[in-house]
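What follows is a set of notes on a single structure, which appears directly below.
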Amino acid sequence: MEKKKILVIHTGGTISMSEDAATGAVKPTDNNPLTEKTKELLSLAELLVEEPFHLPSPHITPREMLKLKEIIEKNLAKEKISGVVITHGTDTLEETAYFLDLTVKTSLPIVVTGAMRSSNEIGSDGLYNLISSIRVASCEEAKNKGVLVVLNDEIHTAENVTKTHTSNVSTFQSPQYGPIGIVTKRGVLFHNTPTNREYYPFNAIVKKVTLIKAFAGMDSSLLYAIGDLDFDGVVIEALGQGNLPPATIEGIKALTEKNIPIVLVSRCFNGIAQDVYGYDGGGKHLKDMGVIFSNGLNGQKARIKLLIGLETQQNIEEIFQI
């Protein structure tokens, strides 16, 4: 049987870092340890390896995400690849995965993976996660499921997965929904298929979108500042089902008068924001003012979607109902 050809893109992160024996600090090294290890995985698939940058994930911006999109599309156009695996730091992994899910149009598997322990730590999970990801990307059943995130023997969708623990190897979970599949020693097993796929023809980054979190006693100060700093959009992680303190109302009005879209999500990691409460600052009041409610995304992903929606001139309210 002919081996599948898998594009492997290394971007940096803990999966490609080492722990300093003297200080215990985990940091990038001159040579990515995964580069040599990747060569040992040729029994799994024919690997085409690229390393466009070597960055910790807090250094990743939408510009690096756009670069990954371009690399994938370039290889889709000229190479007969069967899938893509991206190694990435875990702090912003879900944002890169969701960005690619919305902007790369392909039926082939794209898998993003990482590690919670560096390459030379006891119990390092990087190589294992990479092997699992190559197996998923080589799997026929992984087609037409959008961008997938594979760590710790679980397969999650880019839309639902989030980092839930600062250091545990089982940090990536999909609240409410769970994984859509698992990786076993004998094979890759899917038990769910995503029902919605979205695509936006994104090719430039000009807009500025920010994200803030609501809190007890919050006033309009941050909202006024967002308007003064020429942001093009804002996502607010609101209280409960989608409510804000009444002292934020004047700030909300100031932004809507400037036609700056405000997208509301809940700061709770289960449930969705809804326009239920009718008091001052309640969800119904906010929606009547023009605030847009997101259909279940967390704050960081809603920011990615708002950025893409603004850049591609979408109807913002409509895309957040998908």
Side-chain angles (χ1 to χ4, degrees), residues 57-66 91-92 94-96 98-99 102 162-163 200 202 204-269 271-322:
S57 64
H59 295 195
I60 299 289
T61 73
R63 298 191 185 282
E64 282 75 33
M65 298 175 194
L66 180 58
D91 285 350
T92 59
E94 64 193 87
E95 288 157 270
T96 295
Y98 189 54
F99 177 95
L102 295 178
T162 190
K163 187 175 182 180
Y200 304 99
F202 184 95
I205 299 171
V206 178
K207 303 293 185 181
K208 288 172 57 181
V209 177
T210 193
L211 167 65
I212 61 174
K213 176 174 280 196
F215 52 88
M218 183 180 183
D219 61 19
S220 291
S221 303
L222 288 174
L223 300 170
Y224 289 138
I226 287 167
D228 293 341
L229 291 170
D230 297 322
F231 278 94
D232 300 291
V234 57
V235 175
I236 305 175
E237 291 187 2
L239 310 173
Q241 291 192 58
N243 312 303
L244 293 174
T248 64
I249 298 303
E250 292 305 313
I252 295 290
K253 286 180 182 176
L255 291 178
T256 55
E257 286 171 0
K258 290 185 176 183
N259 294 315
I260 298 173
I262 304 166
V263 174
L264 214 65
V265 303
S266 176
R267 69 180 193 178
C268 305
F269 63 84
I272 64 174
Q274 302 178 89
D275 54 323
V276 174
Y277 291 98
Y279 51 72
D280 286 352
K284 189 175 188 311
H285 181 204
L286 295 171
K287 190 165 187 179
D288 289 343
M289 292 176 64
V291 173
I292 297 164
F293 280 65
S294 174
N295 191 18
L297 291 173
N298 64 22
Q300 54 268 35
K301 289 181 190 171
R303 178 186 168 273
I304 291 291
K305 191 169 192 178
L306 180 54
L307 174 65
I308 291 170
L310 289 170
E311 296 286 9
T312 56
Q313 299 182 335
Q314 304 295 318
N315 181 309
I316 300 303
E317 186 167 6
E318 286 183 3
I319 68 171
F320 275 98
Q321 299 312 307
I322 299 174

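Residue indices begin at 1 and follow the sequence shown.
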When rounded to the nearest 0.5 angstrom, what is the spacing between CD in Glu317 and CZ in Phe293? 10.5 Å
Minimal heavy-atom distance between Val291 and Leu264, with the atoms involved, is CG1-CB, 3.8 Å
Run Gln300 and Val265 through side chain to side chain contact (heavy atoms under 4.5 Å, CB included) and show every step you take. CA-CA 10 Å; Gln300 54 268 35; Val265 303; over 6 Å; no
Atom CD1 in Ile60, atom CZ in Arg63: separation rounded to 0.5 Å? 13.5 Å
How many angstroms lie between atom CD1 of Ile308 and atom CZ of Phe99, to the nearest 0.5 angstrom? 5.0 Å
Got a salt bridge between Lys213 and Glu237, using NZ or NE/NH1/NH2 to carboxylate O under 4.0 Å? yes
List the steps and the verdict of side chain to side chain contact (heavy atoms under 4.5 Å, CB included) for Met65 and Ile205. CA-CA 10 Å; Met65 298 175 194; Ile205 299 171; over 6 Å; no
Stepwise side chain to side chain contact (heavy atoms under 4.5 Å, CB included) check, Leu239 with Arg267: CA-CA 6 Å; Leu239 310 173; Arg267 69 180 193 178; 3.5 Å; yes
Pair Tyr200 + Phe202: ring centers closer than 6.0 Å: no
Can you tell me how far OG of Ser294 sits from CD1 of Ile236, rounded to the nearest 0.5 angstrom? 13.0 Å
Can you see which heavy atom on Ala273 is nearest to which on Ser266, and at what distance? CB-N, 4.0 Å
Side-chain (Ser220) to main-chain (Ile252) donor-acceptor, under 3.5 angstrom: no
Rounded to the nearest 0.5 angstrom, the CD1-CD1 distance for Ile260 and Ile226 is 8.5 Å
Measure across Met218 and Pro245 and return the closest heavy-atom pair with its distance rounded to 0.1 Å. O-CB, 3.6 Å
Do Lys305 and Phe320 meet the cation-pi criteria used here (NZ or CZ under 6.0 Å from the six-membered ring centre, within 45° of the axis)? yes
Checking side chain to side chain contact (heavy atoms under 4.5 Å, CB included) for the pair Leu286/Ile249: CA distance, chi angles, key distance, verdict? CA-CA 8 Å; Leu286 295 171; Ile249 298 303; 4.0 Å; yes
Distance, nearest 0.5 Å, that separates OG1 of Thr162 from CD of Glu95: 8.5 Å
Looking at every heavy atom in both Glu94 and Lys163, which two are closest together, and how far apart are they? OE1-N, 3.0 Å
Minimum heavy-atom distance Leu255-Leu223, with the two atoms named: CD2-O, 3.5 Å
For Gln321 and Asn295, work out which heavy atoms get closest and say how close. O-ND2, 3.6 Å
Are there more than 12 heavy atoms of other residues, nucleotides or ligands under 6.0 Å from atom CZ of Phe215? yes
Donor-acceptor pair, distance only, cut-off 3.5 Å: does the side chain of Gln274 make one with the backbone of Gly283? no
